[in-house]
Colleague: 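Have a look at the structure that comes next, please.
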Amino acid sequence: MTTVGVPAGWPATEEEARAVQDELRGRVVLDEPGPPPGSGHVTGVDVAYDDALDLVAAAAVVLDAATLDVVAEATAVGRVSFPYVPGLLAFREIPTVVAALERLPCPPGLVVCDGYGLAHPRRFGLAGHLGVLTGLPVIGVAKNPFTFTYDEPGPARGASAPLLAGTEEVGRALRTRDGVKPVFVSVGHRVSLDNALAHTLALTPRYRLPETTRRADALCRRALRQAAQRTAPGGAQEATTRQAPTS
DNA sequence: GCGACAG
DNA sequence: ATCTTGTCGC
């Protein structure tokens with residue numbers, strides 16, 4: 001299997017990365033509604049890491065938006081391209097995620113990623129960055145509110161409350177399951193906030209997190225295990241070798 | 001200056 | 001993100 005390298009010119013310092021964000025943030029498109037929920041394709045992307053082995057595994061899983069059945073999936077394995085720095089997550093995830101998306105046999109439709117879009121210190125999180133680089137409609141669904149504030153939404157699935165940076169609404173806290181902690185939805189690229197919420201609800205008939213991220217999460221972990229196995233001393237032998245009984 | 005901080 | 005067993009509940 002091939003390994004995705006760090007792209008030429010990829011920022012090496014936090015200062016360079018912030019400069020890239022400041023340059024690209026203007027290319028985010030916010031005035032399109034995006035595809036209607038329940039039709040076409042919806043694709044989840046996620047990434048898993050093994051920092052000790054310097055490995056990143058990304059997965060892209062395409063679902064039929066109406067049935068939530070898996071239509072296609074792809075993975076890519078690469079080297080870690082950036083350390084984790086709050087606000088600079090995109091530089092850690094994007095090269096391998098883009099490689100996985102490129103390996104899909106069909107158009108991804110709407111992309112759903114872990115993390116934020118507009119809900120970001122410079123209003124340019126992973127979802128916006130991925131959208132600008134691919135041109136695809138992208139939304140972000142995060143598990144945590146980061147540094148933002150929100151009032152607790154009502155207890156029923158579907159209830160939501162603004163996610164606030166001061167007084168600016170950068171996304172929404174959305175209850176996807178009765179009585180369960182909300183998820184945090186923000187716009188990435190070419191999708192309205194209301195439509196992003198509708199998509200998120202359509203993707204959560206049973207669990208708190210969207211089916212897209214659940215499927216992508218499971219797949220990228222699988223891909224990482226296999227890659228780590230091939231990388232580790234002893235390689236595939238290690239996994240299939242049984243220790244002889246002692247004494 | 002110190003602490004907090006998507007994944 | 002990742003380290004990690006059992007356990008409470010539908």
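In what follows, chains carry the letters A, B, and so on, assigned in the order in which the sequence lines appear, proteins first and then strands, with residues in each chain numbered from 1.
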Colleague: Measure from the side-chain heavy atoms of A/H120 and tell me the nearest of B/dC5, B/dG7, B/dA6.
Modeller: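 From the listed options, B/dA6 comes nearest.
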
Colleague: Run the side chain to side chain donor-acceptor pair (under 3.5 Å) test on A/R157 and A/T204 for me, step by step, so that the C-alpha distance in whole Å, both residues' side-chain angles and the decisive distance to 0.1 Å come before the verdict.
Modeller: CA-CA 10 Å; A/R157 165 177 154 87; A/T204 50; 3.0 Å; yes

Colleague: For the pair made of CG in A/L55 and P in C/dT2, what is the distance, rounded to whole Å?
Modeller: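 Going from A/L55 (CG) to C/dT2 (P), I get 12 Å.
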
Colleague: Report the distance from atom CZ of A/F82 to atom C1' of C/dA1, rounded to the nearest whole Å.
Modeller: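 It works out to 16 Å between those atoms.
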
Colleague: Honestly, is A/R214 close enough over A/Y207, meaning NZ or CZ under 6.0 Å from the six-membered ring centre and within 45° of the axis?
Modeller: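 Yes, a cation-pi geometry.
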
Colleague: Please determine if a side-chain N or O atom of A/R92 lies less than 4.0 Å away from the OP1 or OP2 oxygen of B/dA6.
Modeller: no

Colleague: Between A/F146 and A/Y116, what is the ring plane arrangement, given parallel below 30°, perpendicular above 60°, and tilted in between?
Modeller: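 A/F146 vs A/Y116 ring planes: parallel.
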
Colleague: Grab the CG-C1' distance between A/D46 and C/dA1 for me, whole Å please.
Modeller: 10 Å

Colleague: With no hydrogens and no angle check, just 3.5 Å: does a side-chain donor-acceptor pair link A/Y84 and A/E93?
Modeller: no

Colleague: Would A/R215 and A/D46 pass as an ion pair if we require N to O under 4.0 Å?
Modeller: no

Colleague: Tell me whether the OP1 or OP2 atom of B/dC5 has a side-chain N or O from A/N144 closer than 4.0 Å.
Modeller: no

Colleague: May I have the distance from A/D51 (atom CG) to B/dG7 (atom C1'), rounded to whole angstrom?
Modeller: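 A/D51 atom CG is separated from B/dG7 atom C1' by 11 Å.
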
Colleague: From OH of A/Y49 over to C1' of B/dG7, roughly how many Å is that when rounded to an integer?
Modeller: 6 Å

Colleague: May I ask you to say what A/Y116 touches in the nucleic acid, namely base, sugar-phosphate or nothing, with a heavy-atom cut-off under 4.0 Å?
Modeller: base

Colleague: Dot-bracket, 5' to 3', for DNA chain B please: Watson-Crick or G-U pairs under 3.5 Å, [ ] where pairs cross earlier ones, | where the partner sits on another strand, dots elsewhere.
Modeller: .......

Colleague: Let me know the distance between CZ of A/R221 and P of C/dC3, rounded to the nearest Å.
Modeller: 9 Å

Colleague: Indicate whether OP1 or OP2 belonging to B/dA6 is found under 4.0 Å from a side-chain N or O atom of A/Y84.
Modeller: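 For B/dA6, OP1 or OP2 has a side-chain N or O of A/Y84 closer than 4.0 Å.
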
Colleague: A/L209 has an atom CG; how far is it from atom C1' of B/dG7, in whole Å?
Modeller: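 Those two atoms, CG and C1', are 13 Å apart.
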
Colleague: Charged N to carboxylate O below 4.0 Å: is that the case for A/R225 and A/D50?
Modeller: no

Colleague: For A/I94, report the nucleic acid contact type (base, sugar-phosphate, nothing); a contact means any heavy atom under 4.0 Å.
Modeller: nothing

Colleague: What is the separation between atom CG on A/L89 and atom P on C/dT2, rounded to the nearest whole Å?
Modeller: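 Roughly 12 Å, once rounded to whole Å.
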
Colleague: Does B/dG7 have its OP1 or OP2 closer than 4.0 Å to a side-chain nitrogen or oxygen of A/K143?
Modeller: yes

Colleague: Contact class for A/G140 (heavy atom, under 4.0 Å): base, sugar-phosphate, or nothing?
Modeller: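 A/G140: no heavy atom of the nucleic acid under 4.0 Å.
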
Colleague: Mark yes when over 12 heavy atoms from residues, nucleotides or ligands other than A/R122 sit less than 6.0 Å from its CZ; otherwise mark no.
Modeller: yes

Colleague: Just to be sure I understand the rule, does A/A48 reach a base, reach only the sugar-phosphate, or reach nothing, if contact means heavy atoms closer than 4.0 Å?
Modeller: sugar-phosphate

